[in-house]
Amino acid sequence: MATPVSVLRLPKGPDPNSRGFDPNSPRFIALCRTSISASAASEADAEELQREQHARSVLRESFLRCLLSMNNKKVQFHMHENVKVDATFGASDIDVLNFQVSNLHTPIGVQKEALIRSQDVISFTFDL
């Protein structure tokens, strides 16, 4: 029989909507780096910026479609330290920083509901 695992509740972020941390904070800047320069001055930079933005939008759309197709399916997450966990995928937050899952099967037991930080996930697989 699977052993239930307790849930660690993390404190909410400092902003009033509890959506995370200040975008100007060093932590946010470190986690959300971009290769697009904030000051695109010349036309060559503008062309490069447009190409990169288009590539990012295509990749983002395909990733969001992938998340949509994962809903209520069994997913195997491959995590750091060669850890593999199985769960039923539920949702992702708006910034794709956390995945909400159900029936999380870990090496130490089963958790009925859980959040998985996306930074801890190397890859995930699921059947279509």
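The side-chain hydrogen bond (donor to acceptor under 3.5 Å, both in side chains) search around Ser102 returns Glu113, not counting sequence neighbours. Checked against side-chain contact (heavy atoms from CB on, under 4.5 Å), Asp86 has the following partners two or more places apart in sequence or in another chain: Gln76, His105. Glu81 pairs by the salt bridge (Lys or Arg N to Asp or Glu O under 4.0 Å) definition with nothing, not counting sequence neighbours. Residues forming a side-chain hydrogen bond (donor to acceptor under 3.5 Å, both in side chains) with Asp93 (at least two apart in sequence, or on another chain): Asn98. When the salt bridge (Lys or Arg N to Asp or Glu O under 4.0 Å) test is applied to Asp120, the partners found at least two apart in sequence or on another chain are Arg117.
With a 6.0 Å radius and a threshold of 12 heavy atoms from other residues, nucleotides or ligands, His54 has its NE2 atom at or below the threshold.
Connectivity analysis of hydrophobic side chains (ILVMFWY, heavy atoms under 4.5 Å, direct or indirect) links Leu128 to Phe63, Leu64, Leu67, Met70, Val75, Phe77, Met79, Val83, Val85, Phe89, Val96, Phe99, Val101, Leu104, Ile116, Val121, Phe124, Phe126. Annotation for Leu59: hydrophobic cluster partners, listed by chain and number, are none (ILVMFWY side-chain heavy atoms under 4.5 Å, direct or chained). Residue Leu68 shares its hydrophobic cluster (ILVMFWY side chains chained together at separations under 4.5 Å) with no other residue. Applying the 4.5 Å side-chain rule to ILVMFWY residues, one finds that Ile122 remains a lone member of its cluster.
For residues 60-75, every residue pair satisfying the salt bridge (charged side-chain N to carboxylate O under 4.0 Å, His left out) rule, not counting sequence neighbours, is listed here: Glu61-Arg65.
To the nearest 0.5 angstrom, Gln53 atom CD is 11.0 Å from Glu48 atom CD.
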